[in-house]
Colleague: 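The structure follows.
Chain letters run A, B, ... following the sequence lines, proteins first, then strands; residues in each count from 1. Heavy-atom basis, side chains included; hydrogens, waters and symmetry copies ignored.
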Amino acid sequence: MTAPDRSTDALHVDEPTVVANRLSKWFGPKVAVSEVDCSFGPGVTGLLGPNGAGKTTLLRVLAGLLTPSAGGATILGRDPGRKPGAYRHLGFVPEDEAVYEHMTARRFIQWSAAMSKVEDTGAAARRALETVHLTKDADRALSTFSKGMRQRAKVAAALVHDPEVLLLDEPLNGTDPLQRARLIELFLDLGQQGRTIIVSSHVLAEVERMAGRVVAMVDGRVAAAGTLAALRDAMSDKPRLIRIDTDRPRPLARRLLGGEWVESVRVGEDGIEIRTSDARALGLDIAAGAREAGARITAVSPEDESLDSVFRYLVNPR
Amino acid sequence: MKALFLVVGSITGRLMRRRRSIAMFFLTASLAPLLFFLALGRTGSFAAEMYNNLTFGLGMATVYPVAALVVSTAALGEERKAHTLPFLLLKPVPRVVIALGALIAAAVSAFVIVEAGVLVTWVVAAVMSGDWSLGIATTVGVAVQCVASAALFVPLGLVLNRATLLGLGYLFLWEGILSSFIAGIQASSIYRIVVSAWADFASMTVDTYDAVDVILGRVTIGAGGAAAKVAVMALVSVMLTGSILKRRDLVGE
């Protein structure tokens, strides 16, 4: 029997550092992760999905914090849950806001470095604090930190031993726009250095900015994987509901109904809602339609663009 | 060895947080005003006897075990409830070292907190009786108590949300009632192990000795035997906690 060729599969990469092998995890009757079979390699991979999709559980199983109910996971060829030595090469940022509140940021990061057997913990902590721009607040107790600052302290603690693999569970939660931009830049930089960075998020725009590859999860399963462009292609035929605010809804609706991509139109007092099978074609037709109908358009907005609806469509297009 | 110190340091730092330490100190020091009012205006030997009676009859039976229980269940239980357990577990440190560190941290923290209250009572007893050696036996008993409580309640706190409540039930039912009536289980009673260590160092009157003898039942007086028993308990506890930590599913979904 020969092993399946996974090199060309969107779910797998050529030189995997993190592997989920038909991985399932259930808690009593609830299936949190179901038969996830994929791999991750150097660079930034976005683990994308709505809340409750199983991202956190998957990351925790990969990190060895949870035992898989079926299947298995390895990081750099080892199961860290069984071989704690693997944690020298792994950094993990949990989703929870919790930190050691009785420690200062510097002490927490130095402690993490020492626990990871870093020799010069002081220098390593200084570097990590600089990396996340926390040097100024390094000697403040973590209990006084905002959520965003705690996130950065956790990122610094996960980075301090220079790991090859970094698992980040919603690391941008609670950060301000400037810090978010800096963290994204940092993750991109780490990915370019050849490290494996897996970042979970339920915000498509965040993942779009940092991840070259995306693994999308819904209901505990991998719904799609590949580059963002491939993911967009997979979603392109999803019927979309678009709202157009205009001063002349009826003439505009009549004009747009002519397009073969329009499935239905609902006319309101100050706008119309169009269900379309091809949002891109509709978008191109709106300006011409408005001109011909003599309508002034004040806003065009997607009505069902939530990540949840997008991913549910990926799982079950009908 | 360095990892062990780091684990002990981080858990002790959290266990010794101000609010809990102060509350437990007041609980354990509550015997001091009680002793003062009971022995006020009486002889020094009465004060010494009253101190001994309060120590083994109230302190070691209820007050000190409750304080040690509260601290011990929090050692890893609080890490789990506060979601900080991954910071400990995701390190290249064997789980048995984390378990040993938690046991040492719980025992040391409980000892420091309980002994602070014991010192206050000790000073009151010494001033009233003129005997400054009274508290040495209590310190030995408290040390045994703290190790035994840590051995029993650190793993319990790790797996149960209501470990403190269950621990209180254990103290009341097992230690307080069952082991008083069932001679066969007296050897496994922490209270009796602690009193047997304390009695080895305490200078007792005949009445106090008789009362201690009744409480101990089949357990013989001896600090060495008590130390051996808690050492075995500690060893089993570390293996058990290490094995629970290896089982992993402690962080939930």
Colleague: Measure across A:Met115 and B:Leu88 and return the closest heavy-atom pair with its distance rounded to 0.1 Å.
Modeller: CE-CD2, 4.1 Å
Colleague: With a cut-off of 6.0 Å (strictly less than), are more than 12 heavy atoms of other residues, nucleotides or ligands near NZ of B:Lys81?
Modeller: yes
Colleague: Is any side-chain heavy atom of A:Met103 closer than 4.5 Å to one of B:Ser10?
Modeller: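 Contact flag for B:Ser10/A:Met103 side chains = yes.
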Colleague: Sort B:Leu85 into side chain, backbone, both or neither according to what part of it lies under 4.5 angstrom from a heavy atom of chain A.
Modeller: neither
Colleague: Rounded at 0.5 Å granularity, tell me how far CZ in B:Phe87 sits from CH2 in A:Trp111.
Modeller: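 Interatomic distance, B:Phe87 CZ to A:Trp111 CH2, rounded to 0.5 Å: 8.5 Å.
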Colleague: Which atom names give the shortest non-hydrogen contact between A:Val99 and B:Thr84, and what distance separates them?
Modeller: O-CG2, 3.6 Å
Colleague: I need the minimum non-hydrogen distance between A:Ala98 and B:Ala82, along with the two atoms involved.
Modeller: CB-O, 2.7 Å
Colleague: Of the non-hydrogen atoms in A:Ala63 and B:Leu90, which two are nearest, and what is the gap between them?
Modeller: O-CD2, 3.6 Å
Colleague: Check the surroundings of atom CZ in A:Arg126: do more than 12 heavy atoms from other residues, nucleotides or ligands lie under 6.0 Å from it?
Modeller: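 Count not over threshold, so no.
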Colleague: Could you have a look at B:Gly13, B:Ala3, B:Pro94 and say which one has the most heavy-atom pairs with chain A under 4.5 angstrom?
Modeller: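 Winner by heavy-atom pair count: B:Gly13.
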Colleague: Taking atom CD of A:Glu95 and atom NE2 of B:His83, what is their separation to the nearest 0.5 Å?
Modeller: 10.0 Å
Colleague: Counting only non-hydrogen atoms closer than 4.5 Å, does B:Arg14 touch chain A with its backbone (N, CA, C, O), its side chain (CB onward), both, or neither?
Modeller: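 Both the backbone and the side chain of B:Arg14 come within 4.5 Å of chain A.
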Colleague: Sort out for me which of A:Ala158, A:Ala86, A:Pro94, A:Ala114 touches chain B most, counting heavy-atom pairs under 4.5 Å.
Modeller: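 Sorted descending by pairs with chain B, the first entry is A:Ala114.
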Colleague: What part of A:Lys154 is in contact with chain B, defined as an atom under 4.5 angstrom from a non-hydrogen atom: side chain, backbone, both or neither?
Modeller: side chain
Colleague: Hey, are the side chains of B:Leu89 and A:Phe92 touching, using non-hydrogen atoms and a 4.5 Å cut-off?
Modeller: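 SC-SC contact between B:Leu89 and A:Phe92 ruled out.
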Colleague: So which part of A:Glu101 gets closer than 4.5 Å to some heavy atom of chain B, the side chain, the backbone, both or neither?
Modeller: side chain
Colleague: Looking at side-chain heavy atoms only, is the closest gap between B:Lys91 and A:Ser112 below 4.5 Å?
Modeller: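 B:Lys91 vs A:Ser112: side chains touch.
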